[in-house]
Amino acid sequence: AILTNLVDWALAFLMFVVVALLGSYVIPHLSDLMPRMAAHFSGGYQFYPHLRWLWLPVLLFFLFLFVSGLVFVAAAMQVYFRDVSHLINLGLFLWLFVTPILYPLRALSGGRFTTLLILNPLTGLMDGIQLVLLQRLSPWENHALYAAGFSVVLFVAGYCFFKHEERYFADVV
């Protein structure tokens, strides 16, 4: 399931690149045909691939480790408690709002909840992806290193937990 969503992400990223290239290069040069649309895209937005994008597979790898660690724990708990899947759906929905996916982390800087947002391990990964793609900065300038370490620890702990509980699955089921 994780790899299927990775393919979905890759297709969405390809669409992002196409739209950004259109907005940066094609539409501003068509100002005679579409003057209103060209005026909206002429605000200095220039999109081009750059070397910082090479950090993207590294960040996605740590995101893969993080999600895999959660899946190991959830799969083991699902054997004992059937309602875990419903709690996971609710938890992921709520987690969406405390992770800077729809908004940049800098929009909340200085607020009283900023420290709590920074402790969220997905904050470093999502912010790192935004820094790499949109602002052409290194992802390690913020909290991505903490998130990478947390992802590795969660993956190892989740895998060990799953392997420990796996021997009891046949007895419970």
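These numbers come from the heavy atoms of this one structure, side chains and all, not from hydrogens, waters or symmetry mates.
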Over 60° means perpendicular and under 30° means parallel, so tell me whether F150 and Y146 are parallel, tilted or perpendicular. tilted
Any non-hydrogen side-chain atom of V71 less than 4.5 Å from a side-chain atom of F155? no
About how many Å separate CD of E166 and OH of Y159, when rounded to the nearest 0.5 Å? 8.0 Å
Rounded to the nearest 0.5 Å, how far apart are CG of L119 and NE2 of H143? 9.5 Å
Please find the pair of heavy atoms, one from T123 and one from P100, that lie closest to each other, and give the distance. OG1-CD, 3.4 Å
Describe, in one word, how the ring planes of W9 and F13 are oriented to each other, choosing from parallel (under 30°), tilted (30 to 60°) and perpendicular (over 60°). parallel
Is there a path of hydrophobic side-chain contacts, each under 4.5 Å between heavy atoms of I, L, V, M, F, W or Y residues, that connects L87 with F72? no
Taking every heavy atom of F93 against every heavy atom of F97, the minimum-distance pair comes out as O-CD1, 3.4 Å
Please report the shortest heavy-atom distance between L131 and P139, naming the atom on each side. CD1-CA, 4.5 Å
If hydrophobic clusters are built from ILVMFWY residues whose side chains come within less than 4.5 Å, do I118 and L122 share one? no
Here the pair of heavy atoms bringing P121 nearest to A147 is O-CB, 3.0 Å
Is the Y80 ring parallel, tilted or perpendicular to the F169 ring (thresholds 30°, 60°)? perpendicular
More than 12 heavy atoms from other groups under 6.0 Å of CG on L145: no
Hey, could you give me the CG/OG1 distance between N120 and T99, rounded to the nearest 0.5 Å? 4.0 Å
Any donor-acceptor pair under 3.5 Å linking the side chain of Q78 with the backbone of S85? yes
Can you pull the side-chain hydrogen bond (donor to acceptor under 3.5 Å, both in side chains) pairs that have at least one residue in residues 124-133, sequence neighbours excluded? R106-D127, D127-N142
Value for CG (L59) from CG (L133), rounded to nearest 0.5 Å, stands at 9.0 Å
Heavy-atom nearest pair, V98 first then L117, reads O-CD2, 2.9 Å
Taking side chain as C-beta onward, heavy atoms only, is L92 less than 4.5 Å from W95? yes
Do F81 and F161 land in one hydrophobic cluster if side-chain heavy atoms of ILVMFWY residues count as linked below 4.5 Å? yes
Same hydrophobic cluster for L11 and L3, using side-chain heavy-atom links shorter than 4.5 Å among ILVMFWY? no
Option passing side chain to side chain contact (heavy atoms under 4.5 Å, CB included) with S68 (candidates L63, L154, I2): I2
List the steps and the verdict of side-chain contact (heavy atoms from CB on, under 4.5 Å) for V84 and V79. CA-CA 9 Å; V84 167; V79 172; over 6 Å; no
pair F62-V152: side-chain heavy atoms closer than 4.5 Å: yes
More than 12 heavy atoms from other groups under 6.0 Å of CZ on F162: yes
How close do R52 and V132 get, counting heavy atoms only, and between which atoms? O-CG1, 3.0 Å
To the nearest 0.5 Å, how far apart are CG in D83 and CG in N89? 11.5 Å
So does L65 get a backbone contact from the side chain of S151, meaning a donor-acceptor N/O pair under 3.5 Å? no
May I ask you to check whether over 12 heavy atoms, not counting those of L51, lie within 6.0 Å of atom CG? no
